[in-house]
Amino acid sequence: MNRRSVQLVAVLGTAVTLAGGSLAAASELTTHSSAATEKAAAKHVLLLSVDGLHQSDLAWYIAQHPDSALAHLVHGGVQYTNAHTTTPSDSFPGMTAQVTGGGPGTTGVYYDDTYHHALLPAGTTDCRTAKPGAEVDLTEDLDKNKASFDAGQGLRGLPGSILQMTGNAASLIDPSKLPVDPTTCKPVYPHSYLQVNTVFDVARKAGLRTAWSDKHIAYDILNGPSGNGIQDQFSPEINSDASGYPAGNDWTTGNKATEQYDGYKVKAVLNEIDGYDHSGTHKVGTPAIFGMNFQSVSTAQKLPTSDGLKGGYAAKGVPGPLLQKNLDFVNTEVGAMVKEIHAKGLASSTDIILSAKHGQSPTDPTALTRIDDGPLLDGLNAAWKAAHPGTGDLVAHSADDDGMLLWLNDRSKEATSFAKKYLLAQSGQGNDINGNAKAFTNSGLAKVYAGKDAAAYFGVKPGDARVPDLFGIAKYGVVYTGGRKKIAEHGGAHADDLNVPLVISGAGTRAGITKARQVRTAQIAPTILTLLGLDPQSLQAVRKDHTKSLPIR
């Protein structure tokens, strides 16, 4: 056992003891025969995304709980205190960056629900005469049955039987809901939509096992263009009807429900640590690359109240009661994974990477300004048609959370400039954290990139079929919503959206290292391959974006 391994065992051993376990030396449960891993620092990389978590949240929690599992994870490895996720700071560009090494302009993924000017609408059968332009929906809408926890597989005994859900997510996608390729006239699956390969693709080609768990089956996108990068994808539908909770509620409408949802994915990871598939029934060996996302921090930040506790932040950067409770939950679950890694003798060959797809804004409750974007877009369409009689709506598609992404039916300089000028001229009344009227100006926008400027912002050529025709960065505290059920959102470009934690702790790192210079979560992808002894240049996005592995020394 080398020095790094001894160090890791000591650090994780403390966490195990805190979690109620005991330290015991054991041999490796699984090995990899691939020659590519002979010089690897690790044989397993466990990637954890705690969606919504800020670096400030992690720092606050560790200061309050210095003997916690999260504290020992951080102190046992390298912490990057100035890590930034993608802009837009949404789940899909954020997650694809972590496993490809590329930003939205390179991956072609700007949000979970976007528009493509060259694809054909879902359901198209006559591809010769169909008009190009299609929504690309990567949400629960792709499920065969989005109301069902198993996305339409038909399992009995849900939710308790959910671990029996298939690991082949693409089989639960309804192809009639997918956009259509005008050349082949066939549906475009999420994995085919991604423009570059993933760490899962590379690992599979090296003969290594892979697994991942996430909130929609649309995370089939992480398979990469090969379509088979992930051998075992466990993706129970988070926006399905939550059994045991009030009718009509999904797993995100109450934080207790979201914690229960996350618990199923934690169990899947524990099974994989033990060398089984996610169901715990088939012995397949511990994956080389595996992991999951936690969703419950996000709901604790967004919900005004839940479980009798106030959500969000008590003051700027200070977690309120519900968020504190959920940080305890995440700490416990991470501790359980560390304990199991130890119990199976994998501590000397496993690296854990902790980060987040996105943050959440605002962390200052007094800054919240909720704005209904519906009237703004309706007004834009009406103004355009009034100025151009006989034309239709200008806006083809929008994605507005705490940023604004618009795709326009007319992509000309005149049209994009018109949209920018109109939005920046609008003022009105939104509402604050207490639901009281709060004035806004400029449609709540601080900066707008339109047309060629939007393409340049994302590093793509003007006229790119995927890029938004207008990208608006909202003023701090602005959340676009027609109701009062949200007190935070993501998607924008403020520090609260972007500054997420990034920790690497384990076999390939030294303990107690803090690095303050800015890094990007896209650097996780080449770092995973480096830790496993694989070539980071195997990733197409790494080559295109010149993405470097994270410094771990």
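Positions are given from 1 along the sequence. Everything numeric here is computed off the predicted structure, so don't read it as measured data.
For residues 420-443, no residue pair satisfies the ring pair (Phe, Tyr, Trp, His ring centres under 6.0 Å) rule, not counting sequence neighbours. Identified under the salt bridge (charged side-chain N to carboxylate O under 4.0 Å, His left out) test for residues 236-258, with sequence neighbours left out: none.
Ring pair Tyr476/His494 is perpendicular by interplanar angle, where above 60° counts as perpendicular and below 30° as parallel.
With sequence neighbours left out, the ring pair (Phe, Tyr, Trp, His ring centres under 6.0 Å) criterion links Tyr264 to Phe149. The salt bridge (charged side-chain N to carboxylate O under 4.0 Å, His left out) test applied to Lys316 returns Asp496, not counting sequence neighbours. For Ile513, the side-chain contact (heavy atoms from CB on, under 4.5 Å) partners two or more places apart in sequence, or in a different chain, are Val78, Arg510, Lys515. Residues satisfying the salt bridge (charged side-chain N to carboxylate O under 4.0 Å, His left out) criterion with Asp469, sequence neighbours excluded, are Arg411. With sequence neighbours excluded, the residues satisfying side-chain contact (heavy atoms from CB on, under 4.5 Å) with Ser56 are His54. Partners of Phe458 by ring pair (Phe, Tyr, Trp, His ring centres under 6.0 Å), not counting sequence neighbours, listed by chain and number: Tyr110, Phe471. Contacts of Asp307 classified as salt bridge (charged side-chain N to carboxylate O under 4.0 Å, His left out), with partners at least two apart in sequence or in another chain: Lys325. Under the rule for a side-chain contact (heavy atoms from CB on, under 4.5 Å), the partners of Lys267 that lie at least two apart in sequence or sit in another chain are Leu163, Asn271. Residues forming a salt bridge (charged side-chain N to carboxylate O under 4.0 Å, His left out) with Asp57 (at least two apart in sequence, or on another chain): none. Scored by the side-chain contact (heavy atoms from CB on, under 4.5 Å) test, Pro321 finds Leu309, Lys310 as partners (sequence neighbours excluded).
The shortest heavy-atom contact between Gly101 and Ala541 is C-CB, 3.8 Å. Between Gln360 and Ala488, the shortest heavy-atom distance links the atoms CG-CB, 3.6 Å. Of all non-hydrogen atoms in Asp351 and Ile504, the two that sit nearest each other are OD1-CG2, 4.4 Å. Shown here for Leu406 and Ser398, the closest heavy-atom pair between the two residues is CD2-CB, 3.4 Å. Residues Ala218 and Leu142 come closest through the heavy atom pair CB-CD1, 4.0 Å.
Put simply, the side chain of Thr305 never gets that close to the backbone of Gly308: no donor and acceptor are under 3.5 Å apart.
In this structure, His44 NE2 and Ile341 CD1 are separated by 9.0 Å, a value rounded to the nearest 0.5 Å. Taken from OG in Ser296 to CZ in Phe329, the straight-line distance is 4.5 Å, to the nearest 0.5 Å. Rounding to the nearest 0.5 Å places OG1 of Thr481 at 12.0 Å from CG of Asp402. To the nearest 0.5 Å, atom CG of residue Asn431 and atom CG of residue Leu368 are 7.5 Å apart. In this structure, CG in Asp372 is found 11.0 Å from CZ in Arg484, a value given to the nearest 0.5 Å. Separating the OG atom in Ser298 from the CG atom in Leu303 is a distance of 8.5 Å, to the nearest 0.5 Å.
Leu502 pairs with exactly one of Asn82, Leu550, Thr527 by the side-chain contact (heavy atoms from CB on, under 4.5 Å) rule, that one being Leu550. A side-chain hydrogen bond (donor to acceptor under 3.5 Å, both in side chains) with Lys357 holds for exactly one of Thr86, Thr96, Asp214; it is Asp214.
Looking at Gln64 and Gln324, their side chains never bring a donor and an acceptor atom within 3.5 Å of each other. Side-chain atoms of Lys475 and Thr441 include a donor-acceptor pair closer than 3.5 Å. For the residue pair Glu489 and Ser361, no side-chain donor N or O sits within less than 3.5 Å of a side-chain acceptor on the partner. Thr100 and Thr198 form no side-chain donor-acceptor contact under 3.5 Å, judged by distance and modelled atom types alone. For the residue pair Asp113/Thr139, the side-chain donor-acceptor check at 3.5 Å is not satisfied. Remark: the Tyr80 side chain and the Gln518 side chain contain no N/O donor-acceptor pair separated by less than 3.5 Å. Side-chain contact, Asp401 with Tyr111: a donor N or O sits under 3.5 Å from an acceptor N or O.
At least one side-chain heavy atom of Phe234 sits less than 4.5 Å from a side-chain heavy atom of Pro236. In this structure, Ile62 and Leu58 have side chains that are in contact, with non-hydrogen atoms separated by less than 4.5 Å. Using a 4.5 Å cut-off on side-chain heavy atoms (C-beta onward), Leu532 and Val45 make contact. Two residues are said to be in side-chain contact when any heavy atoms from C-beta on lie closer than 4.5 Å; Trp251 and Asn239 fail this criterion. Taking the side chain as every heavy atom from C-beta outward, Ser213 and Gln233 never approach each other to under 4.5 Å. Side-chain contact between His84 and Thr521 is absent, with no heavy atoms from C-beta onward closer than 4.5 Å. Residues Thr107 and Gln195 fail the side-chain proximity criterion, which asks for heavy atoms closer than 4.5 Å. At a threshold of 4.5 Å between non-hydrogen side-chain atoms, the residues Leu470 and Leu405 do not count as touching.
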